[in-house]
Amino acid sequence: MNILLIEINPFAPTMTPISLGYIAAFLKSKGFGTKILIVGQDTSLSRSGFHELITRFQPALVGLTAYQRTMLYVRGFANFIKSMDNNIKVAIGGPQATFMPSSAFKELSDIDYICRSSGEVTLLRVAQAIKNGTPFSDLAGVSYKDTQSIVFDTPEIEGFTELDHYPSPYLNDIFDYSCMNEAVMLTSRGCPYHCIYCYTPQAFKHKITFHSVDRVMEEIKWVTKKGVKRLWFADPNISCKPERLIEIFDRILTHGIEVKMWVQTRVDLVTPELMKKMKQAGVGVIAFGLESASDRVLTKLGKRITTEQVAGAIRLAQDQGIEVELFTLFGLPYETFEDAVKTLEFVKKNKVKIMGNSNSQQMQIYFGTHLARHYKDYNIRPLQNSRPAYMSIGSQYETECFGINELQKIQNMWRAHSLDGGKRIVS
Amino acid sequence: MIKPAIKKIYVVLAKQRDEADLEMLCRTLSGLFSYVNLTSNLYLVAGNLTESMPQIERIQKEVGKFLKTNLFARLYLHFVHSAPLTTVKEIDYYFRYYYQSLKRGAGEFDREGFIHQEVPRLILLPVISPDNRAESASLIGLFNALKSIFMLPCLYLDRSTFFLAQDKNLLTCTEKVYFGNGDSREPAEIACNLFYQDLLDESLAKLASKAVFMSGPCPTSLIVSAKNGKIYCCMDAFRKNESLTDIYGKSADELMELYYEHNNSKRDCLGCRRRTAEFFAVLSPIRNASPVF
């Protein structure tokens, strides 16, 4: 039985779809045929080409990664697949799906399953059910709509706490290395913190799980042997266990692996020693979450850092010659326009180039976040109350201090200072 | 291996067409949309907008139909035309009777984009080839008005209008500036120049990413001449009048079979890139004067 996994982002250059890679490797290890289709800005794919792909591969199940901004495209692909063969089952997963209300099924007529729990184990249960000819039996971690269009929510399913139990997408050659300039690595999952605007801590229940250092090194050695010279670590906080990270860098140095790395972490998780080691091992860029340069706003966000700590971490990195990127947001709860301007000034003052990930963006209110559940408590007013159930508030809101005009004004200020037009890569 | 998708279609509109020919053209284009990239560009190159408006409106309707039934597709619709925009009255007329009318046809995609918090799947880009008597201030007024209704204005400048590239305020409100090195206002000539500029951009991107395969074929495109219905597999073929087929005899599926058989990599692609470099080398002092790109 074949399973097609699709990652859609027509607004950005193609990146290695690491999460789908894990799911594909896991399903492959259980005997399923898998294929990943990435629909990025630079993908060459037509309606006819997609038709040809479905006809040739004949998937029994198609899984689509869903993000807020790609929901329209997810619906489009699902609709096209069903118009070709109504027997093909379609599942959505990813950040938008995890906490999407089940009532969304009403407007997602071509979607059969909404995956809620860990992708690998959830989709395996779905795949096995389809293979057994009972597509809606013995499921967990999903909501589904049966043949009578009745919606069911199944119990959660736990993923592995030892990440090494998941087969590696790299070591199992899930990806095509011929066109891979940069490998996306995922050495840990989840986040134990409590930032009120973020999806990750909620999705992972404030827990963090790790790959062993041995497994990480095996992957790094493999991808660099395949000619990849750049690694992009998608871990939300790569230095959550500093000693583990130092061991990874030590081993990279011991093995003489020459590779450029991008990492992201919290400002309170770096030390001079760690930063020095990062530089030695090949970290060229480190990204920190600043969000706001107002300590008052940071406290309200549950960020548990201070601007002084941010400035200190920036200095540590810059002293080592590591370029710094800062994630910032505007339109935050309790943020005044002056606070937002202060954030822009902070970035400039600390000599962080305003480009790429350091371009600011409006906060998005996603499903599952603390803010999505309690937005009224923060005096946030959604701009439209009749949006489709599969869409969260996203960027369509006003705060006490930020109306549409203020949001536009601060965005224009950031754009005016941007070196590359203001497009952020990581949302 | 999935066959590559068509990234750009250039339609060179003719001054007069009867209804049957227009119907045939629309049918062909409608069939071809299944072969275009999920994000693609359609250039409608007209002589003047007054004469070509019915064709543009009709083609835009076909585009709308395709996008409505294929939610995964996005299209940039560029309509290229000359315009005698010298007086406030003329500008107002163009805005009210042409641009706003075309924009109304795209309204449902704006609403859809708003609901989904994303840019609309149909973006309209008027490419204006101004009269040599046009003043920057008039164009700036028009461009700001276009932007206010989410149309992205572009300029096509030739020898007689290069002087407009000196106005930084005008360039600031222009999405993209195209250059032609003659002063011909013939749609076929303008289509060639648009193509060369796109090819230049693609070549520069390749150079920036240190890609060494500069001899490779250009981005997959098709050129359709509404004058005689002929279809060409690339601009080199169009210049040499070596058509692949025409809109009359074959369905879009048959046409595309021919296209893939023909394989445009067999053409003189390196020659085309060389001509592009030569074309813009002549213009380099003007391009250097412009901050946009």
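Numbered from 1 within each chain, the chains take letters A, B, ... in sequence-line order.
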Contact class of [X] relative to chain A, heavy atoms under 4.5 angstrom:
X	result
N37(B)	both
S34(B)	both
E118(B)	side chain

Inset, instruction - Name the region of S392(A), side chain, backbone, both or neither, that has any atom closer than 4.5 Å to a heavy atom of chain B. - result: backbone

Inset, instruction - Name the region of S386(A), side chain, backbone, both or neither, that has any atom closer than 4.5 Å to a heavy atom of chain B. - result: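 S386(A) has no heavy atom closer than 4.5 Å to chain B.
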
Legend entry - Nearest atoms (heavy-atom pairs only) where L38(B) meets V39(A):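 Scanning both residues completely, I find the closest heavy atoms to be CD1-CG1, 3.8 Å.
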
Inset, instruction - List the atom of E112(B), the atom of L72(A), and the distance in Å for their closest heavy-atom pair. - result: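 Between these two residues, the closest heavy atoms are OE1-CD2, 3.2 Å.
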
Around atom [atom1] of [X], are there more than 12 heavy atoms of other residues, nucleotides or ligands at under 6.0 Å?
X	atom1	answer
R27(B)	CZ	no
K61(B)	NZ	no
F150(B)	CZ	no
K250(B)	NZ	no

How many angstroms lie between [atom1] in [X] and [atom2] in [Y], if you round to the nearest 0.5 Å?
X	Y	atom1	atom2	result
K3(B)	E52(A)	NZ	CD	5.0 Å
L71(B)	M71(A)	CG	CE	11.0 Å
I393(A)	Q117(B)	CD1	CD	9.5 Å
Q68(A)	H116(B)	CD	NE2	9.5 Å
S46(A)	Y35(B)	OG	OH	8.0 Å
R47(A)	N70(B)	CZ	CG	4.5 Å

Inset, instruction - Determine whether P10(A) and R74(B) make a side-chain contact, defined as any pair of heavy atoms from C-beta on separated by less than 4.5 Å. - result: yes

Legend entry - Top of L45(A), T70(A), L53(A), N181(A) for chain B proximity - count of heavy-atom pairs under 4.5 angstrom: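 Result: the option with the highest number of such pairs is L45(A).
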
Inset, instruction - Using the six-membered ring wherever Trp is involved, compare the ring planes of F72(B) and F80(A) and label them parallel, tilted or perpendicular (cut-offs 30° and 60°). - result: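 F72(B) vs F80(A) ring planes: perpendicular.
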
